[in-house]
Amino acid sequence: MSTPETQPAANFIRHIIAKDLAENKHQGRVATRFPPEPNGYLHIGHAKSICLNFGLALENQGTCNLRFDDTNPEKESIEYMESIERDVSWIGFTWHELRHASDYFEQLYDFAVDLIKQGKAYVDSSTPEQIREYRGTLTKPGIPSPDRERSIEENLDLFTRMRNGDFADGQYVLRAKIDMASSNMNMRDPTIYRIRRVHHHRTGDKWCIYPMYDYTHCISDALEAITHSICTLEFEDHRPLYDWVLDQIEVPCHPQQIEFARLQLEYTIVSKRKLNQLVTEKHVHGWDDPRMPTIAGLRRAGVTPAAIRDFCERIGVTKKDSWIEMAVLENSIREDLNEHSARVMAVLDPLRVVIENYPDDQVEQLEVGNHPQRPELGTRKIPFSKVLLIEQEDFAETPPPKYKRLTTGEEVRLRGAYVIRCNEVIKDADGKIIELRCSYDPDTLGKNPEGRKVKGVIHWVSETHSLPAEVRLYDRLFCRPNPDMEANFLDALNPNSLQILSQSRVEASLKDAPVESRYQFERMGYFCVDKDSSPDQLVFNRTVTLRDTWDS
RNA sequence: UGGGUCGUCGCCAAGCGGUAAGGCACGGGGUUUUGAUCCCCGCAUACCAAGGUUCGAAUCCUUGCGACCCAGCCA
């Protein structure tokens, strides 16, 4: 059996690392980091970055840290931090060290003082509006702030007092003194510290000034001796600033920032802000709603860590903006689930079938395999009796062309059991089919009938022996390929993304199926036991359907 | 129209001057007690365009065209 994980494919970052290794650039060391801001749950886009960073470290005998970029306490929380640790672990990676940007607040402050002493940073009293105005535009250079030439002594004093809490929020900022005329907006004296009296989930109220991303990230990388600092494309313009900061101060190493294109998946979104909106406005039932592209959502839907890793390897790593089709993800999911899931029978939308020529009280325990290609997964017994349940959609009075299921007067194979023939259709007063009267051929158990071919096979359960279950069928959350492109992404929401079937029946072997266990419901798809499930009320989520090539 | 980046099959993606890998999707066939799986076969004389260099170009040069990112005291 092939493993779902494919061999490492070539990509430009692997080339860069191979070259650095060949040149002994960092004494042959590879150190990466995955640096999320703890302001939301991780999603499939983060998975790409996680697999990249941890994968690169792993395949080069290097290290990968998990670092929380927690410099903006307003949006961050312990809950998010914990969910991130949980999700990274679940995907299957172990970090070398767990770090936080906030671990470096003191050092960051010292470096800022150093910058001021060098005359490379100054305290500015301009308002945000003034700063924006002075910054110029894409085509017009900026002009210096009136505070730009403040003396070093005064800057030192002001910055100390900023830290001491002598000023109101927003009264001053610390800015790097670089080049107000730079064609790169990020180099026009970027703000590196702001005053903000917000409780930080780790440092509490110790600080009332917080460092900005551009200033913090490069120094954090350097302090951790990161060799390759991998981030997404929108930070390309920030690289000169990343390098500038590290060039002004004394740090153990100067990591190389490398940018790659973030994942864009059709029929979904990966904007934290919008994902947050879906949750808070209750368009979904939470961060772990199986329709969400979050790691928690995928997990609850029944997607495996191996499938996510396989997907991330398949989509590749480039600098090209691209949209991945959902079919690629589904393929990775099916490939892993097909190999590892035990098969069981479940009737989602039951139709009663009475086998008229089967003895009233007889029950046969039929032995069936748990996996058609993997006999080592064993067999189980399923009860066959006079009254069975089959799928409504597996019977048609007037079948469409090439129909291979049950129809009046014709035969069909009951999976793992006998061939039956439908003799009569019972309807209620409204003409709705409520029961089928059938007969079975006793000589067709484990063998084909004499002289005729029965091509259809359908699944079933015994009415009295089966267990009631609720089955949740999920469809894509959006009905447009690029919801992000819509004026309002909520307009693209799929109104039928969740269908709950409360009358389903599953075979008795599922009685004690643990939460998160996964099965293939034969002919129906892959399903996972939901956390809402209990022995009295089983609840299953559909992870993905089976591939369906029946064109009709 | 300042700067940065990108353009190879429907969607991804290898390729790095020697004559277009692979995956997904799609189409056809075979096996099958899942219309699943699995197995065969097919699927870019062509690499955004036009010039140029070269015995030879997707790969080098030139000029166009198109797309994305940047003017937070967010990350």
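Values below: all heavy atoms of this structure, side chains included; hydrogens, waters and symmetry mates excluded. In what follows, every chain begins at residue 1, and chains take the letters A, B, ... in the order their sequences are listed. What you see is a predicted model; the values in this text were computed from it and never measured.
A/Lys140 comes within 4.0 angstrom of nothing in the nucleic acid, heavy atoms only. Counting any heavy atom pair closer than 4.0 Å across all strands shown, A/Tyr193 reaches no nucleic acid atom. Within the nucleic acid shown, A/Arg547 comes within 4.0 Å of sugar-phosphate atoms alone, with no base atom in reach, counting heavy atoms only. Heavy atoms of A/Arg132 sit under 4.0 angstrom from primed sugar atoms or phosphate atoms, though from no base atom. A/His238 comes within 4.0 angstrom of a nucleotide base, judged by non-hydrogen atoms across all strands. Within the 4.0 angstrom heavy-atom criterion, only backbone atoms of the sugar-phosphate kind lie near A/Val317; the bases stay farther away. A/Met212 comes within contact range of the sugar-phosphate backbone alone, with a heavy-atom separation under 4.0 Å but no base atom that close. Residue contacts shown for A/Ala417 include a base, since a base heavy atom lies under 4.0 Å away. Across all strands shown, A/Glu74 has no heavy atoms under 4.0 Å from either base or sugar-phosphate atoms. Counting any heavy atom pair closer than 4.0 Å across all strands shown, A/Arg405 reaches a base atom. Residue A/Gly446 is classed as a base contact, given a heavy-atom separation below 4.0 Å to a base. Contacts of A/Asn11 with the nucleic acid, taken as non-hydrogen atoms under 4.0 Å apart, involve only primed sugar atoms and P, OP1 or OP2. Residue contacts shown for A/Ser126 include a base, since a base heavy atom lies under 4.0 Å away. Using a 4.0 Å heavy-atom distance criterion, A/Ile195 is classed as making no nucleic acid contact.
Here the side chain of A/Glu37 is nearest to one of B/rG2, B/rC73, B/rA75, namely B/rA75. If you check B/rC74, B/rA36, B/rG35 against the side chain of A/Lys404, the one that comes closest is B/rG35. Of the candidate nucleotides B/rG35, B/rA25, B/rU33, B/rU33 has the atom nearest to the side chain of A/Arg415. The side chain of A/Asn338 has B/rU37 as its nearest neighbour among B/rG3, B/rU37, B/rG15. Comparing atom distances between the A/Glu522 side chain and each of B/rA75, B/rU34, B/rC73 picks out B/rU34 as nearest. Comparing atom distances between the A/Thr71 side chain and each of B/rC24, B/rA75, B/rC16 picks out B/rA75 as nearest. In this structure, the nucleotide among B/rC24, B/rU34, B/rG2 sitting nearest to the side chain of A/Gln520 is B/rU34.
Taking atom P on both B/rU59 and B/rA50, the two are 12 Å apart, rounded to the nearest angstrom. The same atom, P, is picked in B/rG4 and in B/rA44; the two are 38 Å apart, to the nearest Å.
Across the strands present, B/rU37 finds no partner; the criterion is a Watson-Crick or G-U wobble pair with both atom distances under 3.5 angstrom. Across every strand in view, B/rC68 sits in a pair with B/rG4 that passes the Watson-Crick or G-U test at under 3.5 angstrom. Taking a pair to require two hydrogen-bonding distances under 3.5 Å in either a Watson-Crick or a G-U wobble arrangement, B/rA50 pairs with B/rU62. When both pairing distances are held under 3.5 Å, B/rA13 makes no Watson-Crick or G-U pair with any nucleotide shown.
Base orientation at B/rG72 is syn, since its O4'-C1' glycosidic dihedral falls within 90° of 0.
Contact annotation: A/Arg343 side-chain N/O to B/rU37 OP1/OP2 distance is not under 4.0 Å. Contact between the side-chain N/O atoms of A/Arg188 and the OP1/OP2 oxygens of B/rC70 is not found at any separation under 4.0 Å. At least one side-chain nitrogen or oxygen of A/His15 sits closer than 4.0 Å to the OP1 or OP2 atom of B/rG15.
When each of A/Ile458 and A/Thr139 is assigned the nucleotide of RNA chain B with its nearest heavy atom, A/Thr139 is the one assigned upstream, toward the 5' end. Residue A/Thr137 is the one, among A/Thr137 and A/Arg194, whose nearest nucleotide of RNA chain B lies closer to the 5' end (criterion: closest heavy atom).
In this entry the distance linking CZ of A/Phe260 with C1' of B/rC69 reads 15 Å, nearest Å. Per the geometry, CG belonging to A/Asp221 stands 15 Å off P belonging to B/rA75, to the nearest Å. One can place CH2 of A/Trp460 at 15 Å from P of B/rU34, the figure rounded to the nearest angstrom. In this structure, the CG atom of A/Leu329 is 12 Å from the P atom of B/rA25, given to the nearest Å. Here the P atom of nucleotide B/rC73 and the CG atom of A/Asn186 are 11 Å apart, to the nearest Å. Regarding A/Asp214, its CG atom lies at a distance of 13 Å from the P atom of B/rC70, rounded to whole Å. Remark: C1' of B/rU34 and CG of A/Leu414 are 13 Å apart, rounded to the nearest angstrom. Whole-Å rounding puts the A/Ile16 CD1 to B/rC16 P distance at 17 Å.
Residue side chain A/Gln373 reaches the base of B/rA36 through a donor-acceptor N/O pair under 3.5 Å, judged by distance alone. Evaluation of atom-type donor-acceptor distances gives no pair under 3.5 Å for the side chain of A/Arg523 against the base of B/rU34.
For the residue pair A/Asp147 and A/Ser145, no side-chain donor N or O sits within less than 3.5 Å of a side-chain acceptor on the partner. A/Ser77 and A/Glu79 form no side-chain donor-acceptor contact under 3.5 Å, judged by distance and modelled atom types alone. For the residue pair A/Glu522/A/Gln520, the side-chain donor-acceptor check at 3.5 Å is not satisfied.
Judged as a salt bridge (charged side-chain N to carboxylate O under 4.0 Å, His left out), the pairs with a partner in residues 177-193 of chain A (not counting sequence neighbours) are, in order, A/Arg148-A/Asp189, A/Glu149-A/Lys177.
Looking at A/Asp103 and A/Arg202, a side-chain N of the basic residue comes within less than 4.0 Å of a carboxylate O on the acidic one, giving a salt bridge. A salt bridge is absent between A/Glu330 and A/Arg547; no separation between the charged side-chain nitrogens and carboxylate oxygens falls under 4.0 Å. Between A/Asp221 and A/Arg67 a salt bridge is recorded (basic side-chain N to carboxylate O distance below 4.0 Å). Under 4.0 Å is where a charged nitrogen must lie from a carboxylate oxygen, and between A/Arg314 and A/Glu335 at least one such pair does.
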Distances under 3.5 Å only, N/O to N/O: pair up the protein atoms with those of nucleotides 4-12 of chain B.
from: B/rU5; atom 1: O4'; to: A/Glu236; atom 2: OE1; distance (Å): 3.4
from: B/rU8; atom 1: OP2; to: A/Lys320; atom 2: NZ; distance (Å): 2.6
from: B/rG10; atom 1: N2; to: A/Glu325; atom 2: OE1; distance (Å): 3.1
from: B/rC11; atom 1: O4'; to: A/Glu325; atom 2: OE2; distance (Å): 2.9
from: B/rC11; atom 1: O3'; to: A/Trp323; atom 2: O; distance (Å): 3.2
from: B/rC11; atom 1: O2'; to: A/Trp323; atom 2: O; distance (Å): 2.9
from: B/rC12; atom 1: OP1; to: A/Trp323; atom 2: N; distance (Å): 2.9
from: B/rC12; atom 1: O5'; to: A/Trp323; atom 2: O; distance (Å): 3.4
from: B/rC12; atom 1: O2'; to: A/Ile315; atom 2: O; distance (Å): 2.9

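In this structure, A/Tyr213 forms no aromatic stack with the base of B/rA75, since the conditions of centre separation below 5.5 Å and plane angle below 30° are not both met.
Between A/Phe384 and A/Tyr440, the ring planes are tilted. Angles from 30° to 60° get that label.
Remark: of the listed residues A/Glu507, A/Glu367, A/Gln365, A/Glu507 is the sole one forming a side-chain hydrogen bond (donor to acceptor under 3.5 Å, both in side chains) with A/Arg380.
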Test side-chain hydrogen bond (donor to acceptor under 3.5 Å, both in side chains) on A/Lys272 and A/Asn39 and set out the steps. CA-CA 8 Å; A/Lys272 269 191 194 172; A/Asn39 66 344; 2.5 Å; yes
